Participant: 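Mind looking over this structure? Questions follow.
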Amino acid sequence: MAEFIIKMPDVGEGVAEAELVEWHVKPGDPVREDMVLAAVMTDKATVEIPSPVNGIVRWLGAEVGDTIAVKAPLLRIEVAGDGEAADDGTGASAPVGVEASTMSTIENQPSGVVEEKPVPSIAKDQRRAKPVETHPVSPAPVKPVASPAVRLRAQEGGIDLRQVLGTGPAGRITHDDLDRFVVRGADLPVSAKALARNTTFEEIKVTGLRRRISEKMTRAAARIPHITYVEEIDVTDLELLRETMNGNRKQDQPKLTLLPFLMRAMVKTCAEQPGINATFDDDAGIITRHGGVHIGVATQTSTGLTVPVVRHAEARSIWDCAAELMRVAEAARSGSALREELSGSTITITSLGALGGIATTPIINYPEVAIVGVNKIVMRPIWDGRRFVARKMMNLSSSFDHRVVDGFDAASFIQRIKALLETPALLFIES
Amino acid sequence: MKEIICKLLVIGAGPGGYTCAIRAGQLGVDTVIVEAERAGGTCLNIGCIPSKALIHAAEEYDNVSHMVGLSSPLGISVESAGLDLARTVAWKDGIVARLNSGVLALLARAKVKIVHGRARFRDGKTVEVETETGIQTIRAQAVVIATGSEPVDLPGLAFGGSVMSSTEALSLTAVPKKLVVVGAGYIGVELGTAFAKMGSKVTFVEAREQILPQYDRDLVAPVAKRLTALGVRVLNSTKVKGLTDDGLVIKDAAGEEHRLAADKVLVAVGRRPRTKGLGLDELDLDRAGPFLRIDEHCRTSMRGVYAIGDLTGEPMLAHRAMAQGELVAEIVAGKRRSWDKRSIPAVCFTDPEIVAVGLSPDEARAQGFDIRVGQFPFSANGRAMTVSRDDGFVRVVARADSNLVLGVQAVGFAVSELSAAFSLAIEMGARLEDIAATIHAHPTRSEGFQEAAMKALGHALHI
C-alpha cells in the first residue's frame, strides 16, 4: 500500500493561497481517478480538484473556509500497489487553468508520519471562536412548493428556492414571488405581521466570493491612501449623440450606454497621462505603467461584486467596447466568466448611477491606482452667464492612490475626461 | 475507419438515450448515438409498447368471450370467440416497427448521427463501436451511458426451453395451456393476467406475502379479486425450488414441497442494469449496489460521463429515463439544470390498473407528516358503472396543516390515464382545495379525483 498526498495546486498569477469552498469526499470514501475531490476558490473563480488516482481518502487537511497555501497538503489518499498510476493523467486530469496538481508518493509510511498541515492565512482559533448557527431552526418541508416553470426559472437564475418566501396557497412560490426576490433579495416571513420584538439573529460565515471581496476591499482601503475627487460634467451633448447613434445603429450593433463613451475618454486621457493607467506593487516599490488599457467594470452579480475586464480598450471602437462589455458582464453574471476575464485590469469604472446618489467614494481596485465612479445623470438648471438653462448633468466621483498620484494629476485627469465628454466630437478625433 | 469526434455521445437508443439525443440535437449539440439493436430500447421493442398491445388484445378477447351466448348483461351476443395469437403478435410487431422508424426519423430530424453496433469504452471520452464494417472510434466531450436493463433469471431456472422471460412471452405464437408465472411484480401480473384472459390456466408463484408488493394492500385488493374472478391461482409466500420435465417444484410457507404442472414458465423476478461488455469496469465508476451512482445532474463519478435510465436504479421506468435524458441534454448544451422532480408516476397495467404518484399514506406518515386522506370509490361514479367496471377507487393524501397534496393513488379500470392529472397536481404544488374547486368533466372517472379531494376536506358530494 502507498499513500498519495495531494497538495494545493498552483493556480498561477502569483496567487499564493486559495480558499477551500467545498469537500466532495470524506475520510473513508473510495475515490476514482478523475473524480472531483474538492473545490477551491482562486481569484474569483472556483476550480475543481480532481483525483489523479484510485484509492481511499485517509485524511483531509483543511475545513471549508480555510485558506490553504499553494503546495500545502490538501488530502491523503491510500492507494493499492506502489501507486505508479499517479503519473498518468496528473496533467491531463487537471482542470483548465490549473497546473498539474503537485503531489508526492510516500510508500510504506505509517499514517501519522505526514502531519504537515496546510497553513491557514488567518488563525483558525479566531475564526472558530463562535460556532456558526442559524436561528431560528425549523424543520424544512421536503422541497419548496413551486410549479415546474417557477423551478426552471430559479435554476436558470441560480436562485435557491429555499430562500424565497412563497405567498401562494400552502406557501407555493409564484412567479411574482420570484420577481420580488430578484429585485429585493430574501424576504422576511409574512407571519410576523403584528408588531413584536424580533429576537432572532443569524450568523453567516463569510466565505467564497464575499470573503474575497471583503479581503480585497480591506487591503485596498488599508494600504492605499485614497484621494477622491468629484466633478460635475455636462453630458447634454453626449446624451444627444448617444441617442442619435442608438437610433441609427445596425441590427448587429449593441445599444450604447454611457460607459463605452467614458471608456473612450479614459483611453485618450490615459495615453496623455500614463501614470494613471498603472499598477503599484507596494511591496516591491515598483509602479508599472501599462500600454494596454484594460478597463475593469464593477458588476453586481447574484453572488456579489465582480469586475469583468474589457481588455485592450485602446484598440476597440465604441461599438466594440459596448459589445465586449456586454459579453464579459453577462459572463460574470451567469458565473461562466473565465479567470482571465475577471482579472488583469489596469483601471476600473464603478457605476452606481442607476440607483441614484450624488457622489460616491470609490475604493481602488488594488493594485491599480485609479478608479472612475459614475453617478446618476440628472436634469439641473445651469447658469450660462445670462440665464438658467436645463442641462443633463452627471457627477464623476474618482479615487486615486495618493502615494503615486498627486492631487494635481488626479484633477487634470478628470478635467481632461470632462472636456472630452462635454465636447464628444473630440472623442472621435484621432490624435 | 475515420474517427468520429463529437460533443455528445449517447450509448443506447432506448427511451432515455434517444430522448437525450433528440433534445441535444434540437439545442444544436453535435450528437452521436450508438445502438446495438433496434432503436427504442426495451420499452418500445420488448417492454411497455408490445406488452400493452398484448394486454389490449387479451382484454378485447376476454370481452368477446363473455358475449358468447346470451350471458352478457349488455345484451350483445356472438356465436363464438376465437384467437389467433400469431396474428396478434404480428399486429403488435407492426406497431413496434412503426414506432421504431418514428424514433429513427426523429433522431434524423434532430441531426443526430446514428452508429449501429456495440459500444465499448476505451477511456472516459473514447468509445469503440463494433459495427458491421469494422471498429468505429468515437471521441466525445461528454458521454451518456443509457444501456438500460435486462431480465434477471433464477438459479435453476435459466431462460430457454419452457422457461422464458417477458421478451419471449411477448412473442409466443400459441397460448400456453398451463402457465406458471414466477414473480408477481408488475411485469408478471400484467402478462399473467393477459394470458389468463386469452385462455391460459395461470398460477402465480410469489415469494412475498402479497402480489405487487410495492403497493399497499388496499390498492392491490381489487387486482387480487379480479385475478380470482379470472380463475388465476395465486401462491404467496412460496418459493421455487427447481424445474422438472413436467413442471415446477415449489415450496410453500409451511415448508412443504409441491409440483406445479406447466407448459411454460414465465420468470419475471426483476431486472438488472445492463453494464456488461461496455468496458465499464475499466472506467471504475462508482456504484450504488448494482447500479451506477449518479448525482442530481446525472453525473457519474467521472467528469463528463453521465448515466441515465434503468442502469442508474429504481424506479426503472421509461418516463424517468426520458426526463433524465432531457435533463442531461440541456446540461451538455450549457443550461443550468438539476433533477428537481417532485414525483415519478408509476402505472401498473394490471386489471384493474393501478396508478401511484407521490407518497402513499404509510410513506407520508413515515416521513413525519400529519396527514389527511380522502378516498372515493368508483362504485359511486357514473362513468364507471356505464362501462361495467365500478371496482377500485381514487385516494388523495395531503398534509393536514396546509392541505398540500403529497400523493395520489388510484386503482380501477383505465385509471392509467388519470396519472397526468395526479402528477400535475403534485408538480404544481396543488392543495386539496385546488382539486376540489376545479371542474372535472361529467361523466368521467376523473370526477373520482375531485371527490376524493372533497372527501379529504370533509364534504364529498356523492358519497
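The sequence lines fix the lettering, A, B, ..., with proteins before strands; numbering per chain opens at 1. In this text the structure is predicted, and so the values were computed from the model without any measurement.
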Participant: Checking heavy atoms, do the side chain of N403(B), its backbone, both or neither come under 4.5 Å from chain A?
Facilitator: neither

Participant: More than 12 heavy atoms of other residues, nucleotides or ligands under 6.0 Å from CD of E417(B): yes or no?
Facilitator: no

Participant: Minimum heavy-atom separation for V145(A) to G429(B), with atom names?
Facilitator: CG1-CA, 3.4 Å

Participant: With chain B as the partner, which of S147(A), G168(A), S336(A) has the greatest number of non-hydrogen pairs under 4.5 Å?
Facilitator: S147(A)

Participant: So which atom in S334(A) and which in R336(B) form the shortest heavy-atom distance, rounded to 0.1 Å?
Facilitator: O-NH2, 2.9 Å

Participant: Do the non-hydrogen side-chain atoms of L285(B) and R32(A) ever get within less than 4.5 Å of each other?
Facilitator: no

Participant: So which of P30(A), A149(A), G158(A), G171(A) has the largest heavy-atom pair count under 4.5 angstrom toward chain B?
Facilitator: G158(A)

Participant: Which distance, rounded to the nearest 0.5 Å, do you find between the CG of L152(A) and the CG of D340(B)?
Facilitator: 8.0 Å

Participant: May I have the step-by-step check of side chain to side chain contact (heavy atoms under 4.5 Å, CB included) for M35(A) and D286(B), ending in yes or no?
Facilitator: CA-CA 9 Å; M35(A) 184 176 157; D286(B) 268 9; 4.1 Å; yes

Participant: Within a strict 4.5 Å, meaning less than it, do heavy atoms of the P148(A) and R342(B) side chains meet?
Facilitator: no

Participant: Let's test your reading of the structure: which of M302(B), K335(B), R337(B) forms the most heavy-atom pairs below 4.5 Å with chain A?
Facilitator: R337(B)

Participant: At their closest point, which heavy atom of R303(B) faces which heavy atom of D34(A), and how far apart are they?
Facilitator: NH2-OD1, 3.4 Å

Participant: Mind listing the closest non-hydrogen atom pair of K143(A) and K341(B) along with its distance?
Facilitator: NZ-O, 3.1 Å

Participant: Given that the side chain runs from C-beta out, which part of D434(B) has a heavy atom under 4.5 Å from chain A: side chain, backbone, both or neither?
Facilitator: side chain

Participant: Any chance the side chains of S338(B) and Q155(A) put a donor and an acceptor closer than 3.5 Å?
Facilitator: yes

Participant: Taking 4.5 Å as the heavy-atom cut-off, does anything in residues 323-332 of chain A contact chain B, and if so which residues?
Facilitator: none

Participant: For the atom pair CZ (R172(A)) and CZ (R431(B)), what is the distance rounded to the nearest 0.5 Å?
Facilitator: 8.0 Å

